[in-house]
4 protein chains.
Amino acid sequence: MQVNASSDGHPDLELSDTELSEFGAGTGLTLTEDVRRRQIIDATISAIAELGYVKTSFARIVERAGLSSTRMVSYHFAGKSDLVQATLGTIVDRQDTFVGERLGGEQDLRRLLLGQLRAEVAFLATHPQESTALVEIGTHAATADDADVSAQVVHAIRVGRFERLLAQGTRHGVFRECDPQIMALTMRQAIDGVVLRLRQQPSLDLDACGRELADLFDRAVRAE
Amino acid sequence: MQVNASSDGHPDLELSDTELSEFGAGTGLTLTEDVRRRQIIDATISAIAELGYVKTSFARIVERAGLSSTRMVSYHFAGKSDLVQATLGTIVDRQDTFVGERLGGEQDLRRLLLGQLRAEVAFLATHPQESTALVEIGTHAATADDADVSAQVVHAIRVGRFERLLAQGTRHGVFRECDPQIMALTMRQAIDGVVLRLRQQPSLDLDACGRELADLFDRAVRAE
Amino acid sequence: MQVNASSDGHPDLELSDTELSEFGAGTGLTLTEDVRRRQIIDATISAIAELGYVKTSFARIVERAGLSSTRMVSYHFAGKSDLVQATLGTIVDRQDTFVGERLGGEQDLRRLLLGQLRAEVAFLATHPQESTALVEIGTHAATADDADVSAQVVHAIRVGRFERLLAQGTRHGVFRECDPQIMALTMRQAIDGVVLRLRQQPSLDLDACGRELADLFDRAVRAE
Amino acid sequence: MQVNASSDGHPDLELSDTELSEFGAGTGLTLTEDVRRRQIIDATISAIAELGYVKTSFARIVERAGLSSTRMVSYHFAGKSDLVQATLGTIVDRQDTFVGERLGGEQDLRRLLLGQLRAEVAFLATHPQESTALVEIGTHAATADDADVSAQVVHAIRVGRFERLLAQGTRHGVFRECDPQIMALTMRQAIDGVVLRLRQQPSLDLDACGRELADLFDRAVRAE
DNA sequence: CATGAATGAGCCTTCATTCAT
DNA sequence: CATGAATGAAGGCTCATTCAT
């Protein structure tokens, strides 16, 4: 994955889906993933999901992974930044796989957009920890210059797909004229809002949420 | 701002909005309690906005306020939690005042809802630091059980108004049937998304954003 | 009261009962005691009794006294040391008065010694806070060179009486030959032990304790 | 030392008594965990003995141990509480060993009781720092609810043995009928009193003290 | 007689990282 | 491949005291 390389016009948020799904592999991981790395990453996901990004430290991670010392983490990852990046990549991969299976070879742009929305909410239902961790990482990446992962990257990954679908749909007359950046961002934020809500209200009916959001944005984008 | 109600007027932050910001750095003067608190709160807002919630410490705050030691902060506030709470209250007050002036005595529910949306985006244009800090505080309040401010409180403040307007509008047939919780949450998240976006793209046309969001949600909620 | 001046032979622990009871007055207090000082001292006693010497700070004291700021304490007392000294004096005065009334004009040395023992335990029953605070102050005075009150002074006050009675009794053949220092110290510690025990076992039968201790030391000191 | 039982053998302090005290200051060497812990504990004992419990901080401890930073302490111990607990355990172990050697296989209850008394005073003569630190820890454990070590535990350790010997002796008719709690507590306090006294009067003849106390309690408990 | 404001030093703890095997 | 040991920096907080009215 190359963050700054893009195939066509848009400023700096253009990453093909193929490139994006390679994100998790960037540090040398292959299909025969290092078991230790995976163990640590899973512990990181659970820690971030349950403690929040801020309270997640090497100490908390090794506790969950049942490792002997924090040295284990810094041995397998270059640093905190690297660990977060790898964790982010892993989550994105899993979500991509999940969503990809759901969408199949769907070609209709409208069904593709709304399907993406609902699939991401469905992913939240089956992978609450990954989803929560993803939002946490995204949120904190946005904060500081020396953040552990680039805000640009996370944003591109998480908003880009919606943006491309919208722009394409508008060009084909499927969707009305609108600012795809704002609309995509709102979609992203809407899903993340559900993630946040789920924390305070674990009984939340996610299926209904998915339908509600799909309906909401269907009305918001459809050509008149 | 009152935490449990929808009306205005925060218990201990009722200072007039006259300018106090010129009380600057390291004068050595002993200021009156209220002025000092305000000075510290303003430094806190700017610190959170620029550094993010996590990197904002007493040390960073006193640097910005030009105070002698971090002791100054813990002298005027019971603790970090108290400071954050007071900061939150101050920001919400300022936003309430701003939005209140914009909306005037507007009675029409639709114009009230869309006006609230656009006014909050307008507030972001004139008060970017307050807006950013507000999102940061809200985000981190959602994280941990022992957060400095209650997630419930922040959520109620920031989402409640939209939710009430939506429920009311639906009852009166102005808006279509929809889940007011999800819709209100999405509005909240949409605005916060713009705040986040502004950080990476300071040239963002906020006026256009406001219109875009108003249009988006107008389509999403209007009775058919 | 003059700590170092003594009327007769023993090294540095000789203070007449009269001198001792003036201890509390040494800082200018008269019968028409300053109300504020008394208020602060009482708050100090209760704080030390309930929180322990270590956790007792100006902040805790003003809380209990309902005063506005710690400045109130440092205004009425030269410093922490002065406050502790005055508190110690007040407690010793109260105990002296209590014990004095109990012993009346008793002349018999054995009854005087055992009566002192039992009276001090009785004081503990009616004045648990004063007693606890007294032990706390005594204990912590013994610790460091720059302690708030001189260990010598506290020791002289609290052990001296027993020592003099013992020495006198031995001279008159009422008590057996023994080291009056060790014996007096043990008496002091025995009573203090009851104070400590009372904390963990508030249901303790203090009357029985008093009898038990009196019996114990009666056997320990009586001439054979 | 086992907290809940009367026998010996502390769970994690079973290091042999071979001399390790020459592992001195700032060698820069990385020592094995156990040795480092012992070094820190010894520094803690000396600090508490000389400065008192209250003034003993991580900073004072690392000074004495010649370590580079306070981080060294929190690296080897879970926290202050853990350090105090380990220190307490170490001291009790040393005293148990010392007293055990002195008493040998003594079976006679009276000689066992008085021997215990004298052996503890003898321990004070050879291990003044341990003894002083022990009293300091015990005193401060008794104070607050969130003390570093439980008052119950310390009391059980330090008074329990006397109490059991007394109860047993009374059952066998060796000692008179008396309240074993009060009597044991008084013995404990008597020995602690000598510890306190030694601070102010280092020339104290501890051998004489031991004899005096043994005589005192022999008279106090013997069957008539 | 009383008060508010300010202060520097110290506390224990947690952090991610580096140095050695 | 794995580990133990060590580290400096920073965190929020409490302390008794002093400076001004």
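Residue numbering restarts at 1 for every chain, and letters A, B, ... go by the order of the sequence lines.
Using a 4.0 Å heavy-atom distance criterion, D:Thr32 is classed as a sugar-phosphate-only contact. Using a 4.0 Å heavy-atom criterion, one finds that C:Phe58 contacts the bases of the nucleic acid, with or without backbone contacts as well.
Comparing B:Ala78 and B:Arg60 by the nucleotide of DNA chain F whose heavy atom lies nearest to each, the residue mapping closer to the 5' end is B:Arg60. Residues B:Ser74 and A:Arg71 both approach DNA chain F. Their nearest nucleotides, taken by heavy-atom distance, put A:Arg71 toward the 5′ side. Along DNA chain E, the nucleotide nearest to D:Ala59 and the one nearest to A:Ala59 differ in position, and the one closer to the 5' end is contacted by D:Ala59. Each of A:Val54 and B:His76 lies near DNA chain E, and the nucleotide nearest B:His76 is the one positioned closer to the 5' end.
In this pair, B:His140 and B:Tyr53 present their aromatic rings parallel. The plane angle is below 30°, not in the 30 to 60° band.
Ranking F:dG12, E:dG4, E:dA16 by closeness to the B:Ser57 side chain, first place goes to F:dG12. In this structure, the nucleotide among E:dG8, F:dC15, E:dG4 sitting nearest to the side chain of B:Ser69 is E:dG8. The side chain of B:Tyr75 approaches E:dG4 more closely than any other nucleotide in the set E:dG4, E:dA16, E:dG8.
A:Ala49 and A:Gln129 make their closest contact through CB-O, 3.6 Å (heavy atoms, listed as atom of the first residue, atom of the second, distance).
Rounded to 10°, the angle separating the first-five-pair axis and the last-five-pair axis of the helix from E:dA2-F:dT21 to E:dT21-F:dA2 equals 30°.
Within the structure, ring-ring contact (aromatic ring centres under 6.0 Å, His included) contacts touching residues 56-83 of chain C (residues at least two apart or in different chains) do not occur.
Residues D:Leu67 and D:Gln39 have side chains in contact (heavy-atom distance under 4.5 Å, counting atoms from C-beta outward).
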